[in-house]
Amino acid sequence: MNETKFVTEIASKEEAFSQWYIDVVKKADLADYTLVKGCMVIKPYGYALWENMQQCLDRRIKATGHKNAYFPLFIPESLLKKEAEHVEGFAPEVAWVTHGGDQKLEERLAIRPTSEAIIGSLYSKWIKSWRDLPVLINQWANIVRWEKVTRPFLRTTEFLWQEGHTAHKCEEEAEEETVKMLTVYKDYIEQDLAIPVIIGKKSNNEKFAGAVHTYTLEALMGDGKILQAGTSHNLGQNFAKAFDIRFLDENQQEQFAWTTSWGTSTRLIGGIIMVHGDERGLKLPPKVASVQIVIVPILFDKSKQEVLEKARIYKEALEEKFSVELDDRDSYTPGWKFNEWEMKGVPVRIEIGPRDIAKNQVLAVRRDKGTKTVINEEDLVATIEKWMVDIQKNLFLQARANLEENIRFADDYDSFKEIIEEKRGFIKAFWCGDGECEEQIKKETKTTIRCFPLEEQNEKGKCILCGKESSSIVYFGRAY
RNA sequence: CGGGGCGUAGCGCAGCUUGGUUAGCGCGCUUGGUUCGGGACCAAGAGGUCGGAGGUUCGAAUCCUCUCGCCCCGACCA
């Protein structure tokens with residue numbers, strides 16, 4: 001009875017997915033709207049999640065030899081314009097600073113929509129010899145893109161991300177770096193965030209403005225739409241030529257450097273919500289959950305002190321391995337707390353009441369499955385430790401099963417349209433490689449090529465639209 | 001930028017058609033008390049320039065004009 005009352009608080013995930021998403025963002029206390037359209041506050045609970053995500057990824061970025069730095073927020077207009085495709089790609093969504101106080105600026109300053117330009121101009125200063133290479137730098141920063149349609153975490157005017165920018169002495173090394181970061185991202189997103197991804201290469205229409213080619217990680221969301229989870233770009237010598245990044249090689253020949261860039265953002269928080277969440281709210285993977293265990297004491301007047309004392313002892317024991325919150329608030333009933341912490345996605349809840357104390361046990365509940373288990377005091381830490389591993393794995397396996405169920409092959413355009421209307425998900429289909437076919441499919445079905453899968457392909461077939469002979473299968477999908 | 005909708009307490013809304021006491025309701029909030037194993041209850045409170053400006057009128061949340069903002073659909077979106 002109470003459970004039905006509860007679900008009226010957030011929209012149904014099945015029936016109104018986008019409203020459900022907004023409700024979860026707000027009710028789980030991750031973010032809030034502000035006075036500026038498209039700009040959100042990331043609230044403490046959401047920011048703690050982001051900090052954990054940062055730590056997981058930052059560790060991996062550093063383990064592969066990169067160092068962090070910080071570059072300026074402002075990019076002079078003349079600098080941004082140096083790479084033609086790049087500026088053309090970003091121009092519509094750049095925010096400009098035109099005044100400093102009352103004084104009009106000589107030159108407009110772009111608020112970075114990405115940092116290739118500003119970083120490229122500095123690499124030009126720093127790189128003179130092959131001995132200076134490679135340069136392997138990452139930055140954690142905020143970005144501004146003036147989007148017309150915004151949604152919390154998924155597309156906001158200002159957002160947080162990391163962007164790696166590297167420079168290399170040859171083409172092979174740059175390509176190796178681009179692919180290496182793709183796999184770093186894959187490991188991070190799959191192992192830490194428990195989100196399975198399809199990795200591949202973008203089509204020319206979808207690649208990064210100014211890149212030679214773009215690798216991408218594509219994830220399936222709970223409503224069958226696709227979220228681009230991260231990208232890694234091989235920029236070739238395009239940006240080196242535009243920003244004059246030259247060096248003398250071992251043979252005393254002057255060369256342009258080969259550069260890469262790669263990024264992931266707070267958008268991944270949206271991914272976690274939409275991949276793992278359910279009718280009761282968020283489900284956080286233990287590796288990034290800021291609260292891994294919540295202890296809810298069941299308080300009666302007579303046993304209150306005793307129960308709280310025991311709860312504190314358990315908290316201390318568990319805190320050696322986990323982040324634990326003891327919810328001893330007086331003004332809420334246990335049932336209220338259960339629902340709130342489930343909404344917030346905490347992986348494990350522990351209930352302690354007088355009945356448990358009498359038997360030296362607790363009642364523990366898993367957020368991923370909802371199962372309730374009585375655990376003896378002496379087994380508590382060891383059992384929860386196993387659970388955390390299992391919950392992390394289970395969230396990933398569930399998401400992967402869903403992904404696999406929603407990859408469908410289409411061999412004619414009618415069945416393609418039927419799948420995208422009724423089931424969505426990924427559609428594998430042959431494509432002739434012509435950008436006009438791609439464009440027409442996008443116009444008619446709102447479906448884009450998400451990527452060329454990385455595996456080698458030997459099959460041949462007919463382009464889903466024009467029917468021309470083709471040897472490449474691509475993944476289509478409706479994107480966020 | 002085109003089409004539609006909405007602005008009344010922190011949130012969700014009623015009141016407006018047909019102008020007329022002191023602008024209501026639910027949730028939330030504060031204080032006190034009783035409660036507590038899946039969103040408890042009682043009592044007493046606090047909280048409003050009715051998005052803004054101008055107009056009509058003895059009198060405007062309500063009618064008129066202008067304006068600002070938000071949401072949805074479309075277009076756009078590396």
Side-chain angles (χ1 to χ4, degrees), chain A residues 1-11 16 18-19 22-23 26-27 32-38 80 83-94 112-117 143 145-151 154-157 161 163 202-216 228 230-233 235 238 261-263 265 267 280-281 295-304 307-308 327-343 349-358 361-365 370 372 374 442-443 446 448 479-480:
Chain A
M1 188 179 98
N2 288 320
E3 294 189 25
T4 46
K5 183 180 176 188
F6 162 75
V7 296
T8 61
E9 296 233 338
I10 54 171
S18 47
Q19 190 58 50
I22 302 283
D23 287 348
K26 280 184 161 176
K27 297 249 157 86
D32 200 359
Y33 291 99
T34 65
L35 291 176
V36 183
K37 177 180 149 59
L80 194 64
E83 217 289 336
E85 272 185 50
H86 186 61
V87 69
E88 196 188 321
F90 283 103
E93 44 190 7
V94 170
R112 62 181 163 219
T114 180
S115 302
E116 277 75 8
I143 289 294
R145 296 180 189 178
W146 221 262
E147 303 281 1
K148 287 178 183 160
V149 179
T150 59
R151 301 182 74 189
L154 298 176
R155 179 174 287 117
T156 47
T157 303
W161 79 349
E163 49 181 326
K202 284 291 187 189
S203 68
N204 278 336
N205 282 353
E206 298 283 327
K207 75 178 186 192
F208 180 73
V212 172
H213 60 250
T214 289
Y215 291 107
T216 181
Q228 179 175 299
T231 45
S232 181
H233 315 292
L235 305 175
N238 293 351
S261 68
W262 26 274
S265 73
R267 168 182 269 197
R280 306 173 82 80
I295 301 175
V296 179
I298 312 298
L299 304 173
F300 297 90
D301 267 354
K302 284 181 203 158
S303 51
K304 184 172 175 176
V307 168
L308 277 177
D327 188 352
D328 56 2
R329 288 176 296 177
D330 237 1
S331 47
Y332 296 98
T333 59
W336 198 97
K337 293 176 184 175
F338 298 164
N339 284 306
E340 184 181 49
W341 291 108
E342 278 168 5
M343 174 66 78
R349 177 177 80 240
I350 291 174
E351 300 172 26
I352 306 169
R355 293 208 298 261
D356 303 303
I357 292 193
Q361 64 184 33
V362 299
L363 183 67
V365 186
K372 300 184 179 183
V374 172
K442 184 177 173 182
K443 278 224 169 82
K446 295 178 192 163
T448 49
Y480 265 98

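Lettering follows sequence order; numbering is per chain, from 1.
If you take atom P in C50(B) and the same atom in U34(B), they sit 42 Å apart, rounded to whole Å. Of the P atoms belonging to U21(B) and A60(B), the separation is 12 Å, rounded to the nearest Å. One P atom belongs to C11(B), the other to C71(B), and the distance between them is 14 Å to the nearest Å. Distance check on atom P: G26(B) versus A46(B) gives 16 Å, rounded to whole Å.
Smallest separation of non-hydrogen atoms from Ala209(A) and His86(A): O-ND1, 3.3 Å.
Between C29(B), G38(B), G37(B), one nucleotide has an atom nearer to the side chain of Tyr332(A) than all others, and that is C29(B). Distance from the side chain of Arg155(A) is smallest to C77(B) among C36(B), C77(B), G38(B).
Counting non-hydrogen atoms under 4.0 angstrom, Glu206(A) reaches the backbone sugars and phosphates but no base. Using a 4.0 Å heavy-atom cutoff across all strands shown, Pro354(A) reaches at least one base atom of the nucleic acid. Using a 4.0 Å heavy-atom criterion, one finds that Arg329(A) contacts no nucleic acid atom at all.
The six-membered or imidazole ring of Tyr332(A) lies away from that of Phe338(A), with a centre-to-centre distance of 6.0 Å or more. The six-membered or imidazole ring of His233(A) lies away from that of Tyr215(A), with a centre-to-centre distance of 6.0 Å or more.
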